[in-house]
Amino acid sequence: MKQRVSALLREKFGREVILEKPKDRSFGHFATPIAFSLAKELRKSPMAIAEELASSFENNDVFSSVESVKGYLNFRLSENFLSEYGTWALENQTDFAKQEKNEKILLEFVSANPTGPLHIGHARGAVYGDTLLRLARHLGYDITAEYYVNDAGNQIDLLGLSIQLEGRATVLGEDVQYPESYYRGEYLTSLVDGAIEKFGIEILSDESRQKELALWAKDGVMNIITKDLGDLNIFFDTFVNESSLYDDWERVLHKMGDSIYEKDDKMWIASESKGDEKDRVVVREDGRPTYLAGDIVYHNQKFERGYAHYINIWGADHHGYIPRVKAAVEFLGYDSAKLEVLLSQMVSLLKDGEPYKMSKRAGNVILMSDIVEEIGSDALRFIFASKKSDTALEFDLAEFKKQDSSNPIFYIQYAHARINTILSKSNFTKEEILKSSFKGLDENADSLLFDALLLPEIIEDAFNSRQVQKLPEYLKALAASLHKFYYDCRIIGNEDEAKLLKLFLVVALSLKTGLSLMGIEAKDHMSKEEEFTTAI
RNA sequence: GCGUCCAUAGCUCAGCUGGAUAGAGCAAUGCCCUUCUAAGGCAUAGGCCAAAGGUUCGAAUCCUUUUGGGCGUACCA
């Protein structure tokens with residue numbers, strides 16, 4: 001819709017025209033301040049220019065009116081245009097708001113270490129990534145969702161140790177000495193049980209078998225992680241194991257040539273020359289690769305797979321890591337501009353005023369699965385998707401648990417359910433409704449139709465700007481328009497009942513499509529919990 | 001110290017590539033169910049958009065500085 005108008009104006013004026021949505025619908029559907037920018041070069045007042053431009057728009061299929069107000073050019077879309085578009089949308093529901101971008105994108109997100117269940121901070125990145133994924137798919141991108149599994153390195157050794165400690169303390173009843181860092185949590189008990197079953201109880205005390213234990217255990221942890229993600233409707237296309245990449249190490253080293261050098265018995269990458277603060281160690285004196293080494297092979301492998309664009313979603317605490325990875329990509333001979341790193345900021349959770357410090361190594365984590373259990377996947381997804389991902393978010397768990405009108409997901413679901421209820425109460429059949437015309441709608445109805453048809457622009461804008469919160473913001477506003485319309489205008493029995501129902505079908509389509517892009521299923525009915533009143 | 005992100009209503013947050021009177025939810029106050037689910041609607045109140053400069057016809061938005069925060073600044077991930 002906007003593209004159409006925008007293209008029309010571009011053709012007419014021979015330049016890109018800024019198109020905006022006026023705050024007040026009485027100004028029209030779209031507006032442009034173009035007269036202000038033309039004022040200088042034409043040496044005329046914006047008002048005069050706007051007047052001239054407005055009067056040049058006669059006999060137009062798209063606009064019913066073009067007016068100049070205080071230098072702005074305000075456009076009102078014609079009934080014909082809106083009506084045809086609305087009808088098209090209902091006839092092509094699955095294609096509504098879809099596009100064919102046809103670009104191959106690799107989206108890597110979550111990638112939490114396979115050493116424990118996901119916590120609330122991971123959930124934010126997961127929701128952000130999955131929402132982007134869904135938006136991109138809808139826009140026709142050929143996008144792959146990938147999870148990078150860090151199944152090599154210190155954290156894996158620590159997993160083996162942690163299982164042994166847990167087992168020795170709880171099963172063998174030993175008085176164990178805990179080191180400074182080790183994992184703890186309920187999931188370890190089931191791993192201990194599984195390990196005993198698989199390897200026999202002696203594995204708990206054999207330090208030489210820690211690695212073996214860990215490599216077995218990480219698969220169990222990955223099962224927990226993918227199950228938790230599945231509960232949030234998040235699914236990955238591919239998993240890449242860090243451990244599988246090191247066979248390639250020699251070749252990748254060679255590929256980077258002089259940018260890798262040896263000093264003090266260690267291997268370094270000359271990342272400082274590419275904007276990093278300093279050069280970094282990639283292989284230690286004892287031959288063990290650092291974390292960065294894994295990322296170098298991994299990114300080489302990514303680029304060799306040949307995508308047009310790469311998106312990584314990282315926790316914001318890794319932001320300092322971006323320059324060195326980009327440097328490595330450059331050294332490998334690729335364009336680091338193709339690699340886009342998006343950050344998912346910290347989530348701080350309060351509970352009765354107590355701040356929770358989120359650290360995976362401390363025992364005191366808020367498990368994502370616990371929150372999903374308490375408030376549900378829909379509410380969690382909605383709240384995370386509603387906030388800009390790159391700004392810190394703080395919320396109180398107590399507030400989060402409320403399941404009333406303060407929860408916007410209920411508000412939107414209620415709007416969708418309302419439409420469904422009215423449809424089922426109407427005597428008109430779906431065919432009759434679809435056959436009726438949008439023409440002759442009053443201003444409020446016209447405005448609602450326009451709002452509902454705005455979804456395609458919102459989706460494209462949300463993805464292009466990587467600001468997924470634009471979608472929930474839009475859905476909230478559309479639901480509000482629907483609720484208000486519903487209150488003001490009785491549908492059943494209205495002389496325009498069929499066409500109003502058709503209008504509602506468009507609203508429902510946008511709500512449903514929008515929700516599905518957030519991984520939320522639109523509800524047709526809201527069941528209100530019975531309130532029992534005590535008899536006196 | 002350096003890098004980076006941020007600062008908008010009492011609270012949690014929106015505010016599109018600069019544009020018409022600064023927005024929502026919660027909390028507060030007052031209304032609206034003989035009417036399609038009141039999980040709803042309406043109204044009131046609440047703001048020197050952290051501060052100061054600058055660019056512009058026009059700034060919450062862009063630039064600089066200051067103040068106050070988060071995060072990073074590892075051969076940890």
Side-chain angles (χ1 to χ4, degrees), chain A residues 16 18-24 27 31-33 36-37 39-40 45-46 69-72 74 111-113 115 150 153-156 158 181 264 266-268 277-278 280-286 288-295 315-323 343 345-346 348 360-361 383 386-388 390-396 399-400 402-415 417-419 421-426 457-458 461-462 464-465 467 469-470 472-473 476-477 479-480 482-494 497 525-529:
Chain A
E16 201 56 48
I18 294 168
L19 211 53
E20 54 194 38
K21 249 178 71 188
K23 288 195 181 108
D24 192 338
F27 285 129
T32 178
F36 291 99
S37 40
K40 199 167 242 174
S45 82
V69 181
K70 295 199 289 186
Y72 290 87
N74 296 335
S111 298
N113 289 338
T115 53
N150 290 112
N154 285 342
Q155 75 279 2
I156 283 294
L158 213 47
S181 54
D264 304 334
K266 300 166 215 173
M267 303 284 269
W268 300 71
E277 284 176 23
K278 54 182 167 189
R280 311 285 174 175
V281 172
V282 287
V283 182
R284 304 171 177 97
E285 303 175 75
D286 60 7
R288 283 156 53 234
T290 63
Y291 184 79
L292 180 59
D295 252 332
D317 53 339
H318 289 58
H319 77 262
Y321 204 76
I322 298 172
L343 300 175
Q345 270 287 359
M346 305 286 111
S348 40
K360 193 157 185 174
R361 291 188 173 50
I383 290 179
S386 309
K387 314 298 177 193
K388 270 188 301 198
D390 61 349
T391 59
L393 169 65
E394 178 183 273
F395 61 86
D396 197 306
E399 197 132 330
F400 212 60
K402 283 197 281 186
Q403 298 216 8
D404 56 20
S405 60
S406 68
N407 195 335
I409 189 64
F410 285 91
Y411 186 79
I412 296 168
Q413 291 282 24
Y414 186 37
R418 268 188 155 163
I419 293 170
T421 304
I422 295 177
L423 279 170
S424 64
K425 293 207 171 169
S426 170
E457 280 83 50
I458 303 297
D461 188 23
N464 287 343
S465 63
Q467 308 272 303
Q469 79 280 2
K470 288 168 193 276
E473 287 292 323
K476 262 194 283 185
L482 187 277
H483 285 307
K484 181 165 168 52
F485 191 90
Y486 173 94
Y487 186 83
D488 291 341
C489 173
R490 192 180 163 82
I491 310 298
I492 304 290
N494 192 298
E497 182 174 331
H525 301 281
M526 303 290 277
S527 53
K528 203 170 182 178
E529 272 184 38

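Bear in mind the structure is a predicted one, so any value in this text is a computation, not a measurement. The figures here come from the full heavy-atom set of this structure, side chains too, leaving out hydrogens, waters and symmetry mates.
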### Summary
Looking only at B/U4, B/A20, B/C13, the nucleotide nearest the A/Glu394 side chain is B/C13

### Message
Going by salt bridge (Lys or Arg N to Asp or Glu O under 4.0 Å), name the residues that satisfy it together with A/Lys21, two or more places apart in sequence or in a different chain.
### Response
none

### Query
Between B/A20, B/A74, B/G41, which nucleotide gets closest to the side-chain atoms of A/Lys23?
B/A20

### Query
Which nucleotide, in any strand shown, forms a Watson-Crick or G-U wobble pair with B/C2, with both distances under 3.5 Å?
B/G72

### Sequence-distant partners of A/Asp390, salt bridge (Lys or Arg N to Asp or Glu O under 4.0 Å), two or more places apart
none

### Message
Between A/Gln469 and B/G15, is there a contact of a side-chain N or O with OP1 or OP2 at under 4.0 Å?
### Response
yes

### Task
Sugar-phosphate means primed atoms, P, OP1 and OP2; the rest is base. With that split, encode nucleotides 31-36 of chain B 5' to 3' as B, S or - using protein heavy atoms under 4.0 Å.
-B--SB

Report, one pair per line, the protein and nucleotides 54-56 of chain B atoms (nitrogen or oxygen only) whose separation is under 3.5 Å.
none

#### Entry: Pair assignment for B/U55, Watson-Crick or G-U wobble, requiring both distances under 3.5 Å
none

### Summary
Between A/Glu20 and A/Leu393, the residue closer to the 5' end of RNA chain B by nearest nucleotide is A/Leu393

### Task
Would you mind pulling out the nucleotide paired to B/A7, Watson-Crick or G-U wobble, both distances under 3.5 Å?
B/U67

### Message
Partner lookup for B/U29, please. Criteria are Watson-Crick or G-U wobble with both distances under 3.5 angstrom; report none if nothing qualifies.
### Response
B/A43

### Query
Can you name the residues that form a ring pair (Phe, Tyr, Trp, His ring centres under 6.0 Å) with A/Phe27, not counting sequence neighbours?
none

### Task
With a 3.5 angstrom cut-off on both distances, give the Watson-Crick or G-U wobble partner of B/A38, or none if there isn't one.
none

### Query
Is there a donor on the side chain of A/Asp295 or the base of B/A77 sitting less than 3.5 Å from an acceptor on the other?
no

### Query
Taking atom types as they are modelled, is there a donor-acceptor pair under 3.5 Å from the base of B/G72 to the side chain of A/His318?
no

### Query
Can B/C33 be described as syn, meaning its chi torsion is within 90° of 0, or is it anti?
syn

### Inter-nucleotide P distance (B/G46, B/C33), Å rounded
28 Å

### Message
Suppose you measure atom P in B/G10 against the same atom in B/C48; what distance do you get, rounded to whole Å?
### Response
8 Å

### Query
In chain order, what residues pass the side-chain hydrogen bond (donor to acceptor under 3.5 Å, both in side chains) check against A/Arg490, with sequence neighbours excluded?
none

